[in-house]
Amino acid sequence: MSHEERNNIASLIAGLLINIYVIIKLSNMFESGRLDGPDAMMIWARAMLWVIPIGILTVIICIILFSILFAIAERDGNPSFIVDERDEAIKTFGMRFTMVVTSIGFVAGLVALAFGAAPLYVFIGMFFAFSLGDLIGNAAKLIRYRADL
Amino acid sequence: MPKKPKITNNIRRLRFDADEMTQKQLAEAVGVTRQTIVAIENAKYYPTLELAFMISRAFDRPLEEVFIIEFD
């Protein structure tokens, strides 16, 4: 398994973990009534801003853990960190899926706003559309990596 | 519209002829991952012109001896 393929699996798992964390956090916020008041958007935005560093940290930890686990599993004391042209081609392939899903989510959000949907729910929907786009892009890359061999 | 040409290669045979060079050795010689060499050998991935020339140089053979293009 190449370095980029390992990173791809780690990013996929990290993405799932971050989404689970956000779902739990949002559920708690709704249950406690914190998102019912007039400053709901501000509270939500602050919570989502924290998700960015948490997400970056989760991806880094997952990549390090995966690198160690794969090195042990493959008994490779000198793992390769080469990123080549095929990795770049697969990255572009996955990015197309990410762009399509996030664009659909963004436009759907705009349409929902245009028809009078509550901005908080639209922004939550857009956030998950972007997350879903990232997950689908990573899944597409993983499929492509496996299909090429 | 012309049909897409089929591109095959002789990398497996050339590796065998080159003292049974492994996929890993070839990958290291041209600076790519072993998985990329596997994908190229199986005709699942077509390399860029630059990589194709580097592979042919690794075997010290002309490009058309390593990669074959077939027009129907």
Side-chain angles (χ1 to χ4, degrees), chain A residues 1-15 59-60 62-99 135-149, chain B residues 1-70:
Chain A
M1 191 175 284
S2 71
H3 172 62
E4 278 298 297
E5 195 178 349
R6 279 197 307 264
N7 285 356
N8 185 227
I9 295 172
S11 297
L12 197 59
I13 291 170
V59 171
I60 291 169
C62 280
I63 286 172
I64 292 169
L65 281 177
F66 257 69
S67 295
I68 295 168
L69 285 174
F70 275 106
I72 293 167
E74 292 177 354
R75 291 178 184 177
D76 190 356
N78 192 19
S80 166
F81 293 100
I82 293 172
V83 178
D84 63 23
E85 60 173 51
R86 182 168 154 266
D87 293 314
E88 295 299 329
I90 292 175
K91 192 187 281 180
T92 309
F93 173 77
M95 215 176 276
R96 269 187 281 170
F97 284 85
T98 303
M99 286 299 291
L135 287 174
I136 288 176
N138 280 330
K141 282 194 279 180
L142 189 61
I143 291 167
R144 186 67 186 269
Y145 268 117
R146 295 286 95 193
D148 273 2
L149 300 178
Chain B
M1 195 176 162
K3 278 179 77 176
K4 204 177 174 187
K6 189 181 172 192
I7 301 170
T8 55
N9 65 77
N10 291 319
I11 295 176
R12 193 165 292 173
R13 182 179 60 76
L14 289 167
R15 279 197 302 109
F16 185 79
D17 292 345
D19 289 333
E20 298 187 19
M21 179 195 281
T22 64
Q23 289 171 331
K24 193 177 178 186
Q25 285 170 331
L26 177 59
E28 283 169 358
V30 297
V32 298
T33 62
R34 190 186 65 81
Q35 287 77 10
T36 296
I37 297 297
V38 173
I40 294 169
E41 269 193 18
N42 294 335
K44 296 277 180 74
Y45 172 71
Y46 297 137
T48 58
L49 204 51
E50 184 187 351
L51 179 56
F53 272 110
M54 283 173 79
I55 292 170
S56 65
R57 203 176 77 162
F59 291 120
D60 200 20
R61 302 287 174 95
L63 187 66
E64 59 269 27
E65 200 177 316
V66 183
F67 294 94
I68 302 119
I69 187 160
E70 293 169 12

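In this text, all values refer to a predicted model and were calculated from it rather than measured experimentally.
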Nearest 0.5 angstrom please: A:I90 CD1 to B:T36 OG1, how far? 7.5 Å
Should B:Q35 and A:S2 be marked as a side-chain hydrogen bond (donor to acceptor under 3.5 Å, both in side chains) after you check the CA-CA gap, both sets of side-chain angles, and the distance that decides it? CA-CA 7 Å; B:Q35 287 77 10; A:S2 71; 4.8 Å; no
So, for A:D84 and B:V32, which heavy atoms are closest and what is the spacing to 0.1 Å? OD2-CB, 3.3 Å
Within 6.0 angstrom of A:F93 CZ, more than 12 heavy atoms from elsewhere: yes
Residues in ring-ring contact (aromatic ring centres under 6.0 Å, His included) with B:Y46, at least two apart? none
Roughly how far apart are A:R86 CZ and B:L51 CG, rounded to 0.5 Å? 11.5 Å
Does atom CD of B:E50 have more than 12 heavy-atom neighbours from other groups under 6.0 Å away? no
Determine which pairs satisfy side-chain hydrogen bond (donor to acceptor under 3.5 Å, both in side chains) with at least one residue from residues 88-99 of chain A, sequence neighbours left out, and list them in order. none
Would you say A:F81 has more than 12 foreign heavy atoms packed within less than 6.0 Å of its CZ? yes
Taking all atoms of both residues into account, what is the closest heavy-atom pair of A:I82 and B:T33, and its distance? O-CG2, 3.6 Å
